[in-house]
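Have a look at the structure below before the remarks.
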Protein chains: 2
Amino acid sequence: MGINAVFEALSHPVRREILQLLRGGPMSAGALAEHFTLSKPTLSVHFAKLKEAELVAVKRQGTSLIYHLNMSILEEALSGLMSLRETKS
Amino acid sequence: MGINAVFEALSHPVRREILQLLRGGPMSAGALAEHFTLSKPTLSVHFAKLKEAELVAVKRQGTSLIYHLNMSILEEALSGLMSLRETKS
DNA sequence: GCCTTATTTAGACATCACTCTAATTAGAGT
DNA sequence: ACTCTAATTAGAGTGATGTCTAAATAAGGC
């Protein structure tokens, strides 16, 4: 949990692309899956990791699950990275 | 190579802590290793991944290898993350 | 050249990550 | 209740990652 899961989630290119796609707005699991050649179960695992890291949140709409970005965690990762920058001496 | 290796390298807590330690300035492999309970060979593998991602660079000084941060790649990762932020609509 | 110090490379092993197909759950409509 | 669509969970295979101990490489000093 925490920042660890966030960096872990960001380490896979497919998951970063999922986030990229969600930048434009919320999307269903199926709509997201269409952008990849991977099987839906495989994508589902990637969704789960992004969700575990709280980089995305999900809401059910009828039979569809709609994923959307969780900005605050992205900002957190961002500031985590920024804190790695050298201390200007 | 590229941004992929960078996020991959950042995904392990030990490697992020190595970067954290290097914020204060260059350090030898041995000096870095003292901050961890892991064996030196294990740390050496972590150094190699950071080096492969070009997050750090290394310079020999006598028998010691001195590691230091490579700012430009960190900035690159930072901007990569920033690009994942939602498009302000 | 040999010894010491510093660090990496090699080899082995265990665990974890990614992917697939098949089966299951969940909701909506008839 | 049955069926259709949407998505996840289960199980299995393969390959990558992280860790160790032991051996090898590199530089410096005697």
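These numbers were taken from a predicted model, which means no experiment stands behind them. Sequence lines set the chain letters: A, B, ... in the order given, protein chains first and strands last, and positions in each chain run from 1. Values below: every heavy atom of this structure, side chains too, minus hydrogens, waters and symmetry copies.
The footprint of chain A on DNA chain C, defined by a heavy-atom cutoff below 4.0 Å, extends from C/dA17 to C/dA28.
Applying the side chain to side chain donor-acceptor pair (under 3.5 Å) test to pairs two or more places apart or on separate chains, those with a residue in residues 6-20 of chain A are A/Arg15-A/His46, A/Gln20-A/Arg23. Applying the ring-ring contact (aromatic ring centres under 6.0 Å, His included) test to every pair with at least one member in residues 52-71 of chain A, sequence neighbours left out, gives these pairs: A/Phe47-A/Tyr67.
Residues passing the ring pair (Phe, Tyr, Trp, His ring centres under 6.0 Å) test with A/Phe7: none are found, sequence neighbours excluded. Applying the salt bridge (Lys or Arg N to Asp or Glu O under 4.0 Å) criterion to B/Glu75, with sequence neighbours excluded, gives A/Arg85. In terms of the side chain to side chain contact (heavy atoms under 4.5 Å, CB included) criterion, residue partners of B/Ala53 (sequence neighbours excluded) are, by chain and number, B/Ala5, B/Val6, B/Ala9, B/Leu55. Residues meeting the side-chain hydrogen bond (donor to acceptor under 3.5 Å, both in side chains) test with A/Ser79, sequence neighbours left out: none.
When each of B/Ser64 and A/Thr37 is assigned the nucleotide of DNA chain C with its nearest heavy atom, B/Ser64 is the one assigned upstream, toward the 5' end.
A pairwise comparison of heavy atoms in B/Val58 and B/Lys51 identifies CG1-CD, 3.7 Å as the closest pair.
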Nucleotide N/O of nucleotides 24-27 of chain D paired with protein N/O under 3.5 Å:
none

List every contact pair, protein side and nucleotides 16-19 of chain D side both N or O, where the distance is under 3.5 Å.
| residue | atom | partner | partner atom | Å |
| --- | --- | --- | --- | --- |
| D/dG18 | OP2 | B/Arg15 | NH1 | 3.3 |
| D/dG18 | OP2 | B/Lys49 | NZ | 2.7 |
| D/dT19 | OP2 | B/His46 | NE2 | 2.6 |

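B/Tyr67 comes within 4.0 angstrom of sugar-phosphate atoms only, judged by non-hydrogen atoms across all strands, and of no base.
At a threshold of 4.5 Å between non-hydrogen side-chain atoms, the residues B/Leu10 and B/Leu19 count as touching. Residues A/Asn70 and A/Ser72 are in side-chain contact: their nearest non-hydrogen atoms beyond the backbone lie under 4.5 Å apart.
Across every strand in view, C/dT15 sits in a pair with D/dA16 that passes the Watson-Crick or G-U test at under 3.5 angstrom.
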Contacts table for residues 31-41 of chain A: side-chain donor-acceptor under 3.5 angstrom, sequence neighbours left out:
| residue | atom | partner | partner atom | Å |
| --- | --- | --- | --- | --- |
| A/His35 | ND1 | A/Ala31 | O | 3.1 |
| A/Ser39 | OG | A/Thr42 | N | 3.3 |
| A/Ser39 | OG | A/Thr42 | OG1 | 3.0 |

